[in-house]
Amino acid sequence: MYTTLSDSPPIVLVFAGHDPTGGAGLTADTQALAQCGCHIAPIVTCVTAQNTHNVKALYPLPKAQIMAQAQYILEDMPIKVVKLGLLGSIEAVEAIAEILISWPDLPVIFDPVLAAGGGENLSSKQLISKIKKELFPLTTLLTPNRKEAENLTGEKNLEMIAKQLTDSGCEYVCVTDVKPMNRKVINILYTAPQQEIGGWHWSRLPYQYHGSGCTFAANLAGFIACGYPIIEAVYQAQRYTWFSLRQGFIAGQGQRLPNRITHCSSVKRVDAFIERDEN
Ligand code: PLP
């Protein structure tokens with residue numbers, strides 16, 4: 001039981017969208033953060049209409065509503081880390097930039113969601129240029145997949161991508177790439193000046209998943225909020241994400257959803273406890 005503020009779990013302030021499938025967005029972040037012992041303060045940037053096939057509509061919240069949600073929380077809770085997911089509008093970028101400038105010492109983990117897994121575009125040229133100009137200089141660690149990294153930079157070469165993203169102000173960049181030929185998923189961690197400081201590869205699982213990027217970035221934000229060094233947090237979050245995907249399940253008729261809960265040791269401990277009690 002938590003009795004004092006200093007006993008309480010680390011709190012991560014998340015700006016992201018709501019996804020009614022429960023696979024991505026704030027629900028994914030809530031689960032992935034809980035698994036490393038963190039509490040989420042969820043700030044809604046937009047609401048979506050979607051299913052496991054694709055996103056049908058995106059309804060952004062006005063800047064004033066996004067700012068008010070965050071300000072009120074920041075005045076009250078000791079936030080350890082900020083995580084950014086789907087922003088969905090230029091107003092959201094402006095709101096978040098203003099908030100982060102007013103609370104300048106918070107580490108920012110940014111998953112730059114530009115498209116839905118089903119292919120629907122969730123960004124525009126103007127939104128991308130606003131993100132680069134206003135949010136990258138405030139970003140501690142950016143977690144794009146290869147496609148997002150190419151769209152953000154207009155580059156194809158990973159070294160050039162890393163250079164441009166770190167030159168734009170991101171302190172660290174972790175790019176997730178898929179190598180279909182050898183069935184591997186690769187993560188490479190860079191810091192300025194375009195220096196590779198970590199690389200990991202995982203066997204590629206056979207299905208399409210919705211919410212894998214959110215799972216990775218949120219769990220990573222949680223490990224950083226718990227005090228893990230960046231490289232260790234990046235490794236732990238990949239591991240958590242890979243097991244969540246391996247245990248992924250069929251919820252609808254499209255992409256599978258990660259199982260972010262039942263593969264975890266904490267849940268197994270609860271199961272063991274119930275079994276023991278029943279016997
Ligand atoms: N956040 C929301 C609210 C979404 O709707 C989506 C995709 O549809 C994402 C994030 C990104 O999902 P993924 O982690 O699969 O890239």
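Every number for a ligand or one of its atoms is a count from 1 in the order of the listing.
- There is a path of hydrophobic side-chain contacts, each under 4.5 Å, that joins Leu74 to Ile224.
- A cation-pi contact, defined as under 6.0 Å to the ring centre and within 45° of the axis, links Arg256 to Tyr207.
- Comment: Arg146 engages Glu150 in a salt bridge, judged by a side-chain N to carboxylate O separation of less than 4.0 angstrom.
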Cut-off 3.5 Å, no hydrogens considered: what does the side-chain donor-acceptor table look like for residues 93-120, sequence neighbours left out?
{"from": "Glu94", "atom 1": "OE2", "to": "Lys130", "atom 2": "NZ", "distance (Å)": "3.1"}
{"from": "Glu98", "atom 1": "OE2", "to": "Lys63", "atom 2": "NZ", "distance (Å)": "2.6"}
{"from": "Ser102", "atom 1": "OG", "to": "Glu98", "atom 2": "O", "distance (Å)": "3.0"}

Sequence neighbours left out, cut at 3.5 Å: what donor-acceptor pairs do the side chains of residues 76-86 make with other protein atoms?
{"from": "Lys83", "atom 1": "NZ", "to": "Asp29", "atom 2": "OD1", "distance (Å)": "2.9"}
{"from": "Lys83", "atom 1": "NZ", "to": "Asp29", "atom 2": "OD2", "distance (Å)": "3.2"}

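- Sorted by chain and number, the residues within 4.0 Å of ligand 1 by heavy atom are Gly17, Asp19, Ala24, Gly25, Gln50, Val55, Leu86, Val113, Ala116, His210, Gly211, Ser212, Gly213, Cys214.
- Legend: residues meeting ring-ring contact (aromatic ring centres under 6.0 Å, His included) with Phe223, ordered by chain and number and at least two apart, are Tyr228.
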